Amino acid sequence: NVIAPLVESGEVSDGSDGPFDDRKLRLDQITLSGEGLQIALGATHYGAFRKDIDRDETGNENLQAIGSASFGDRYALFSRAPGVAVIVVSSNGAAYLGERTNEEDKGLLNAVAGHLKYSAPENVNLREDAVRELEEEFGIEESDIVSLEFVGLYSNLNRGDSDFTFIADVAQPDEYFTSGAWKEKVHEREHKDLIQLASLEQTWSLLNTGKIAGYDEPFRMMYSTRGGLESLKPGELRD
């Protein structure tokens with residue numbers, strides 16, 4: 001009733017006229033119980049998601065207040081398009097991140113990340129989405145994934161969008177990332193040169209201060225990247 005007319009009018013693309021599908025899933029409800037994580041999904045589109053990003057924090061807080069008062073849901077008036085995020089750990093035991101180059105997240109230090117593929121909610125496959133993003137952004141093929149562990153669903157409290165977050169151990173060594181060889185395997189670069197985190201000490205320094213040795217300015221970080229790094233356990237990085 002909503003998305004189809006927008007596609008018909010040309011306001012929203014379904015991907016048939018170009019490389020991008022503007023249709024997005026919408027995160028409606030999250031319930032954590034003894035039975036596990038229950039997720040209710042609906043539909044939205046990229047234009048609505050972009051409005052939430054471009055609106056200032058105070059404007060989003062005002063919408064939260066209206067949503068709470070009118071619907072009992074602070075995020076009722078937000079697009080809440082969910083995605084996946086993946087912290088990549090090399091075969092040598094180092095994690096790799098990069099500053100985003102795309103407009104909506106430009107400058108944020110981020111793992112591999114992207115929206116869920118638009119589909120009927122019952123057909124959502126988080127693993128397939130994570131594998132697709134690994135190949136698109138770091139050139140890592142499914143055969144190179146040693147393990148893929150789901151570590152949490154992390155949310156942006158100001159806008160309500162969330163990422164299903166994973167840690168992927170991959171077969172590529174440090175040289176693949178540090179030499180820039182990964183750039184040759186991606187069609188469109190979404191990160192600047194990658195930054196190495198070889199120890200939990202480095203990781204916690206970044207989390208606590210925003211700083212990494214060798215870089216002058218502190219980094220701003222994507223919320224799901226922070227959540228993924230906080231999920232790393234002793235022994236997962238080499239030091």
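What you are looking at is a predicted structure, and each value in this text was computed from that prediction instead of being measured. Hydrogens, waters and symmetry mates are skipped; everything else that's a heavy atom, side chains included, is used. Position 1 is the first residue of the sequence, and the numbers go up from there.
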Are the charged groups of Arg238 and Asp174 less than 4.0 angstrom apart, N to O? yes
Applying a strict under-4.5 Å side-chain criterion to I, L, V, M, F, W and Y, I'd like to know whether Tyr223 and Ile53 cluster together. no
Does a side-chain N-to-carboxylate-O contact under 4.0 Å join Glu190 and Arg100? yes
Donor-acceptor contact below 3.5 Å, side chain Asn123 vs main chain Ser119: no
Any side-chain to backbone donor/acceptor pair from Arg80 onto Ser162? Under 3.5 Å, distance only. no
Spatial distance of atom OG (Ser155) from atom CG (Leu27) [nearest 0.5 Å]: 7.0 Å
Interatomic spacing from OG1 in Thr101 to CZ in Arg189 - rounded to 0.5 Å: 7.0 Å
Inter-residue atom distance Leu116.CG - Leu41.CG, 0.5 Å rounding: 7.0 Å
Under the 3.5 angstrom rule, does the side chain of Tyr46 hit a backbone N or O of Phe20 as a donor-acceptor pair? no
Is any side-chain heavy atom of Ile87 closer than 4.5 Å to one of Leu97? yes
Between Glu149 and Lys233, does any side-chain N to carboxylate O distance fall below 4.0 Å? yes
What about the rings of Phe166 and Phe150, do their centers lie closer together than 6.0 Å? yes
Any side-chain to backbone donor/acceptor pair from Glu175 onto Ala181? Under 3.5 Å, distance only. no
Determine, step by step, whether Arg127 and Leu148 satisfy the side-chain contact (heavy atoms from CB on, under 4.5 Å) criterion, reporting the C-alpha distance in whole Å, the side-chain angles of both residues, the deciding distance to 0.1 Å, and the verdict. CA-CA 8 Å; Arg127 178 183 169 81; Leu148 187 63; 3.5 Å; yes
Walk me through it: do Val170 and Val89 pass the test side-chain contact (heavy atoms from CB on, under 4.5 Å)? CA-CA 6 Å; Val170 301; Val89 180; over 6 Å; no
Donor-acceptor check, side chain of Arg55 to backbone of Arg159, threshold 3.5 angstrom: yes or no? no
Using 30° and 60° as the class limits, which term best fits the ring planes of Trp182 and His191: parallel, tilted or perpendicular? perpendicular
Can a donor-acceptor pair be found between the side chains of Glu99 and Asn110 at a distance below 3.5 Å? no
With a 6.0 Å cut-off (strictly less than), is the heavy-atom count around CD of Glu230, excluding the residue itself, greater than 12? yes
Is there side-chain contact between Leu108 and Phe219, with at least one heavy-atom pair below 4.5 Å? no
List the steps and the verdict of side-chain contact (heavy atoms from CB on, under 4.5 Å) for Asp161 and Asp52. CA-CA 9 Å; Asp161 49 290; Asp52 294 340; 5.9 Å; no
Looking only at non-hydrogen atoms, find the nearest pair between Tyr75 and Leu157 and report the distance. OH-O, 2.7 Å
Which heavy atom of Thr203 sits nearest to which heavy atom of Ser199, and what is that distance? OG1-O, 2.9 Å
Measuring only between side-chain heavy atoms, which start at C-beta, is Glu217 closer than 4.5 Å to Lys211? no
Pro82 versus Phe164: any side-chain heavy-atom pair under 4.5 Å? yes
4.5 Å side-chain heavy-atom contact, Leu194 and Phe138: yes
For Asn158, does its backbone N or O pair with a side-chain atom of Glu57 as donor and acceptor, under 3.5 Å? no
Check whether any side-chain heavy atom of Val86 lies under 4.5 Å from a side-chain heavy atom of Val131, and answer yes or no. no
Assess, by modelled atom type and distance only, whether the side chains of Gln196 and Tyr96 contain a donor and an acceptor separated by less than 3.5 Å. yes
Does any N or O in the side chain of Thr209 come within less than 3.5 Å of the main-chain N or O of Leu206, such that one atom is a donor and the other an acceptor? no
Spacing of Asn92 atom CG and Tyr176 atom OH [to the nearest 0.5 Å]: 14.0 Å
Are the side chain of Thr58 and the backbone N or O of Asp56 linked by a donor-acceptor pair below 3.5 Å? no
Does a side-chain heavy-atom distance below 4.5 Å link Ile140 with Phe177? yes
Could you tell me the separation between the OG1 atom of Thr165 and the CE atom of Met222, rounded to the nearest 0.5 Å? 10.5 Å
Flag if over 12 foreign heavy atoms under 6.0 Å of NZ, Lys51: no
Salt bridge Asp22-Lys24, side-chain N to carboxylate O under 4.0 Å: no
May I ask you to decide if Ala4's main-chain N or O and Glu8's side chain share a donor-acceptor pair within less than 3.5 Å? no
Under the criterion side-chain contact (heavy atoms from CB on, under 4.5 Å), I'd like the reasoning laid out for Leu229 against Met221: C-alpha separation, chi angles, the key distance, then a yes or no. CA-CA 11 Å; Leu229 292 177; Met221 195 183 316; 4.0 Å; yes
How about NZ on Lys183, more than 12 heavy atoms from neighbouring residues, nucleotides or ligands closer than 6.0 Å, or not? yes
Using only heavy-atom distances, determine whether the side chains of Ser231 and Tyr154 contain a donor-acceptor pair under 3.5 Å. yes
Minimum heavy-atom distance between Gly67 and Ala76, given as atom pair plus value: CA-CB, 4.4 Å
Can you find a pair of side-chain heavy atoms, one from Ile39 and one from Ile30, that are under 4.5 Å apart? yes
Pairwise distance OG1(Thr31) to CG(Leu37) - rounded to 0.5 angstrom: 8.5 Å
Please answer whether the main-chain N or O of Ala113 pairs with a side-chain N or O of Asp163 as donor and acceptor at a distance below 3.5 Å. no
